[in-house]
Amino acid sequence: MEYEAVIGLEIHIQLATKTKLFCNCRNEYGAEPNTNVCPVCLGLPGALPVLNREAVKLALMAAMALDAKIHRKSFFYRKNYFYPDLPKGYQITQYVGSIATDAKLTFEIDGVERTVRIERMNVEEEAAKSFHAPDGTVLLDFNRSGIPLLEIVTMPDMRSPAEARRFLEILKRTIRYIGISACDMEKGELRVDSNVSVRPKGTEELGVKVELKNLNSFKAVEDGLKFEIQRQIKILESGGRVVQETRLWDEHKKETRTMRVKEEAHDYRYFPEPDLLPLLIDDELIESARKGMVELPEARRKRFITQYKLNPPLADVMVHERTFADYFEELAGLVTDKSLAANWLAVEVMKVLNEQGISIEEFPLRPKQIAELLKFVETKKITHNIAKKVFQKMLDGEGSAKEIIEREGLITMSDESELAKLVDEAISANPEIVEKYRKGKVGVIGVLVGYIMRKTRGRANAALVRKMLEEKLKA
Amino acid sequence: MEIDVKKIAELAKLSPSPQEAAALEVHFKKMLKYFQKLQELDLSDVEPLTNPHEFALRMRDDEPKSGLDRESVLRNAPDRHENFYRVPSPLKEVRKEK
C-alpha cells in the first residue's frame, strides 16, 4: 500500500527586541551567565510583568507578512508546569485569543506553488537556558528567561519532509526580510517541533500523530521526519499501531526514540493571567508595524523574474537575503545584461562569501565596481575567464577593473589579421590533430582552440578563433 | 463532578497525607459545587470574560535597564556552579518516582 505523510510544524522565533517581554532586562545573546536578570524574569515573589510594546509590534509585522487575521483584542494565559528553567512555575503565553490567526505562507517547491496554512501566532515568554552537567545536575542561566518568543503553529498541510524543510526556509527568509529576528538556529533563535502521522494515500482520516522534538537544523527536520515516517509505515505494514507520543530525533544515531517524561506533565491547566489586562491593539501600533514592512521575498522573486527576466532558480538565489537582493538591484541598475549580473553574483560572489563566511554587507567590492568589470564582459572586450581573473585581482586590492585590464593588456584579441597568424601557427604545430579532424573527428578542434588560448593567455576571442579554425580546415 | 486529589497534588508537587487528601477532597467539592451554580445561567450569548477590567493593557518602551547584581542574585541560590544556578536533574527525579 502507498502511504502519505501528514506534517504540521510548531515554530518558536526569538524576537529581536532590545529588552525582554515583560521586564527591562536586555535581550542579548552570549552575555555572561545570569547578568541580565531582575525580579520579573527570575520569578521572584511580588514581581509584576509589564508588556514590551516593541515585541507586540514585531509580532504584528510577522502577522502582516504571513497574511494573518490580526486580533485587536487578545489575551495572556498562564501555562502551568514545573521545570527548573521556568522560575514562576508557569509560562505566560497566549491560549484562547491569539494575537493573530488564519495566516498562510505560499512558496514554490519543484516549480509547484504550495500554500501552508498557519493556524495561530502567539506571543509568549522564553524559558531559562539549561545546561546538563556531566554529574547529572542542571546549570541554569536566566539571561534567556523572559525573552519574547513568537510561536507559529501551522495546520497539518505538509506532505513530505522536503516540503516541511522548504516551508521553514521560506518562513526564515520572510522573517529575516522584515528584520524581526535573525532566526539563527545555532543560537536557538528559531526552533522547530513537528507533528507527523501517516495514512494510506487517498484517504482523509488522520493517522495517530507523533510529536517530534530536537530538530536543531533544517537538515535535522528533513532527516528526522524521513526516519519517523518510515518508522510509522513499517509499524502499519506489519499490522501494528502507532502510539501517540513525543519522540526525540537523535542526530548521531539517525533515529527517533521515545522521550522519557511523565504523561501527567502534560496537564497545563491554562487560566487567564491575572497580572495582565487584555492586550488591545490600537491603530497607532498597527501603523507602526506597517511602517516597518518591506517587499517580501516571494513578491520580490516574482518581480525579479518579470522585471529583470531572470530564470526562476536565479531569481531565488537573488532574493535569499534582503541585503543580497538589494545588492543585486543596485548592480542591475548599472549594467545592461541583468542575467549576467545575477549569474556573476550567484557564482563568483557567492563563492567568495561562502569561502570567507561573510555576508554581502561585508563583501569588499561594491556594485559599482562589479558593474565596471561586467561592462567589459558585456561589450566582449574581455572573456568570461579573463573577467574571473580580474575579479580575483580586484579582491586582492590590485585596483579597479579598468586599471587591471589596461595595465595587464587583457582586452580580448578580436583582430582577425592578428588571430589568423595564430590559427596558421596552431595548424602547423599540430599536424596529427589536423589529420584527425580531416578524418571526421571534429571534436579535436578544441585542442587547437586551447593551443591559441594558451598562447594568448586566455585573451583570444575563443568563439572567433573556433570559427576561423573551422573555415581554414575546411578550405 | 469527580475530583482526583492525588493527581492535583502531583501536578503541584505536593504529597498530602491520606487524611489531608480526604479533607482536601471535601473542600474542593464544596468549591466546585458553589461555582457550578453559574451553570444554571444561559450564557450562550455572552462572550467569555478573561478580565473584569475593560481598559487597555499598559505597555512599556523597549529600553534596557540594568537588573540585579549577579552576586546578590546567586546568593539566594541553594547551590551554584561558577555563575550558574545548580539544580538536581529533573529527569532523574522522574526515574526515581517510577
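Here is the naming used below: chain letters follow the sequence lines, and residue numbers restart at 1 for every chain. Please read these numbers as outputs of a predicted model, since none were measured by experiment.
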* Asked: Checking side-chain contact (heavy atoms from CB on, under 4.5 Å) for the pair B:Glu82/A:Leu139: CA distance, chi angles, key distance, verdict?
  -> CA-CA 9 Å; B:Glu82 292 173 354; A:Leu139 306 178; over 6 Å; no

* To do: Determine the option with the most heavy-atom pairs under 4.5 angstrom with chain B, choosing from A:Pro39, A:Pro274, A:Ser130, A:Ala133.
  => A:Pro39

* Selection from A:Ile281, A:Leu285, A:Leu279, A:Val40 maximising heavy-atom pairs under 4.5 Å formed with chain B -> A:Leu279

* Per-residue contact mode, A:Cys41 against chain B (heavy atom under 4.5 angstrom) -> neither

* Asked: Considering only heavy atoms, which portion of A:Leu44 lies under 4.5 Å from any heavy atom of chain B: side chain, backbone, both, or neither?
  -> side chain

* Under a 4.5 Å heavy-atom cut-off, does chain B meet the side chain of A:Phe131, its backbone, both or neither? -> side chain

* Measuring heavy-atom distances to chain B, does A:Asn52 have an atom under 4.5 Å in its side chain, in its backbone, in both, or in neither? -> both

* Tell me, for A:Leu21 versus chain B, whether the close heavy atoms (under 4.5 Å) come from the side chain, the backbone, both or neither. => backbone

* Asked: For the atom pair CG (B:Asn76) and CG (A:Leu42), what is the distance rounded to the nearest 0.5 Å?
  -> 9.0 Å

* Should B:Glu10 and A:Asp267 count as side-chain neighbours, where that means a heavy-atom distance under 4.5 Å? -> no

* What is the distance from atom OG1 of A:Thr35 to atom CZ of B:Arg70, rounded to the nearest 0.5 Å? -> 6.0 Å

* Structure fact -> CG (B:Leu57) and NZ (A:Lys73) are apart, to the nearest 0.5 Å, by 12.5 Å

* Structure fact -> Looking only at A:Lys18, A:Glu54, A:Arg26, most heavy-atom pairs under 4.5 Å shared with chain B are made by A:Lys18

* Heavy-atom closest contact (A:Cys38 atom, B:Gly67 atom, distance) -> CB-CA, 4.2 Å

* Asked: In terms of heavy-atom pairs under 4.5 Å with chain B, which of A:Glu28, A:Arg53, A:Lys57, A:Glu32 leads?
  -> A:Arg53

* Interface moiety of B:Arg58 toward chain A, non-hydrogen atoms closer than 4.5 Å -> backbone

* **Contact summary for B:Met59 and A:Val56, nearest pair of heavy atoms** => SD-CG2, 4.0 Å

* Could you state the interatomic distance from CD (B:Glu63) to CG (A:Asn24), rounded to the nearest 0.5 Å? -> 8.0 Å

* **Toward chain B: residues of residues 89-102 of chain A with heavy atoms under 4.5 Å** => none

* Find the distance between CG (A:Leu140) and CZ (B:Arg80) and round it off to the nearest 0.5 Å. => 13.5 Å

* Structure fact -> Closest non-hydrogen contact found for A:Phe82 with B:Lys13 is CD1-CG, 3.3 Å

* **Separation between CG of A:Leu15 and CG of B:Asp62, rounded to the nearest 0.5 Å** => 10.5 Å

* Asked: So what's closer than 4.5 Å to chain A heavy atoms on B:Val87: side chain, backbone, both or neither?
  -> both

* **More than 12 heavy atoms from other groups under 6.0 Å of CD on A:Glu186** => no

* To do: Please tell me if the side chains of A:Val138 and B:Arg86 come closer than 4.5 Å, counting only heavy atoms from C-beta onward.
  => no

* Should the heavy atoms of other residues, nucleotides or ligands under 6.0 Å from CD of B:Glu71 be counted, would the total exceed 12? -> yes

